[in-house]
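Quick caveat: nothing in here was measured; it's all calculated off a predicted structure. Throughout, residue positions are numbered sequentially from 1 according to the sequence presented.
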Amino acid sequence: VTQARATLRQAREIEQQVPVRIAEAQAARAQVVQAEAAVASARASLDKFRLIAPSSGMIDDTHLRVGEIVKPGSSIATMVDFTDTWVTVYVPEPMISRLVIGQSATVNVDGLPGRNFNGTIRRIAQQAEFTPKFVQTYEERTRTVFAVEIAVSNEQGLLKPGMPADAVIQAAPEKQALQPVRAHA
C-alpha cells in the first residue's frame, strides 16, 4: 500500500508538470518558427548579394578589389562572350551597294598570321560616318563610309576585343571581291 501511495503521489506530481511541459513545447515550437523565419530572412538578404551573369562568358577584367563597397548598379567586372564575336569594318560609300546581310567574308588578324576566320555580314549601318558637314563635291562624297558588322566564328576564343583585323568581303558572283578593309575586332 505504501508503495502504491508513493507511485500515486509521483504520478500526481508528474501530472501537475504536464501543463508546464506543454507550455515549454509550445514555446519551443514558437522558437523553431522564429528560427525558420530568421533563416528565410538571411537567405533573402544573401540573394541581394549574389552576382548573376546575364549570359555565359569569361571574366576579362574586374573593377573592384576585395573589401570595397559596391553601390547598386555599379559595374563589377567586364565579361566577354566569345560566342558573339564580330568585326566592324568601314566600307566606302561607292562599295556599300555591293553588300547584303548574310554575305560571306574572311577575317584575319595581325596576331594570328596565316589564320583565316569565316564570317557573315550581320549588320550594315543605315547612315554614313565621317561625312563632312556640307557635301558639295564628288571627292567629299567618296570619303563617307558605312560601318559593317561581320559575325565571326570564334569557338576557341582566339579573337579578343581590340585586335586589329583585315576583312575581305566576297561580292556577289558577277562582281569582284572588295579590297581588304582595315578594321578593329
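Between Leu99 and Ile169, the shortest heavy-atom distance links the atoms CD2-CG2, 3.5 Å. Across Leu159 and Phe82, no two heavy atoms sit closer than the pair O-CE2, 3.3 Å. Considering all non-hydrogen atoms of both residues, Gln156 and Arg115 come closest at OE1-NH2, 3.1 Å. What you find for Ile150 and Ala167 is that their closest heavy atoms are CD1-CB, 3.8 Å.
A donor-acceptor pair under 3.5 Å is absent between the side-chain atoms of Gln16 and the main chain of Glu13, judged by distance alone. Between the side chain of Asn154 and the main chain of Leu158, a donor-acceptor pair closer than 3.5 Å is present.
With rounding to the nearest 0.5 angstrom, the OG1 atom of Thr7 is 12.0 Å from the CZ atom of Arg12. To the nearest 0.5 Å, the span separating CZ on Phe117 from CG on Asn108 amounts to 9.0 Å.
Listed by chain and number, the residues in a side chain to side chain donor-acceptor pair (under 3.5 Å) with Asn118 amount to none (sequence neighbours excluded). Not a single salt bridge (Lys or Arg N to Asp or Glu O under 4.0 Å) links Asp61 to another residue, sequence neighbours left out. The salt bridge (Lys or Arg N to Asp or Glu O under 4.0 Å) check on Asp84 picks up Arg122, with sequence neighbours excluded. Annotation: salt bridge (Lys or Arg N to Asp or Glu O under 4.0 Å) contacts of Arg21 (sequence neighbours excluded): Glu24.
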Atom pairs and distances, side-chain donor-acceptor, residues 65-81, under 3.5 Å, sequence neighbours left out:
residue : atom : partner : partner atom : Å
Glu68   : OE2  : Arg65   : N            : 2.5
Ser74   : OG   : Lys71   : O            : 2.9
Thr78   : OG1  : His63   : NE2          : 2.8
Asp81   : OD1  : Thr83   : N            : 3.1
Asp81   : OD1  : Thr83   : OG1          : 2.5
Asp81   : OD2  : Thr83   : OG1          : 3.2

Review point. Is there a side chain to side chain contact (heavy atoms under 4.5 Å, CB included) between Val107 and Asp166 once you walk through the steps?
Key: CA-CA 6 Å; Val107 175; Asp166 291 322; over 6 Å; no
Practice prompt. Evaluate the criterion side chain to side chain contact (heavy atoms under 4.5 Å, CB included) for residue pair Val145 and Val91; output intermediate values, then yes/no.
Written response: CA-CA 5 Å; Val145 293; Val91 177; over 6 Å; no
Requested in this report: Verify side chain to side chain contact (heavy atoms under 4.5 Å, CB included) between Ile124 and Ile101, making sure each step is shown before the conclusion.
Outcome: CA-CA 7 Å; Ile124 301 172; Ile101 303 289; 4.1 Å; yes
Report task. Verify side chain to side chain contact (heavy atoms under 4.5 Å, CB included) between Trp86 and Val152, making sure each step is shown before the conclusion. Result -> CA-CA 5 Å; Trp86 73 93; Val152 182; 5.6 Å; no
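Between Val148 and Tyr90, the closest side-chain pair of non-hydrogen atoms is not below 4.5 Å. At a threshold of 4.5 Å between non-hydrogen side-chain atoms, the residues Gln127 and Phe146 do not count as touching.
Put simply, Met163 and Val89 are part of the same group of oily side chains (I, L, V, M, F, W, Y) that touch within less than 4.5 Å, one to the next.
Here side-chain hydrogen bond (donor to acceptor under 3.5 Å, both in side chains) pairs that include residues 35-46, with residues two or more places apart or in two chains, number zero.
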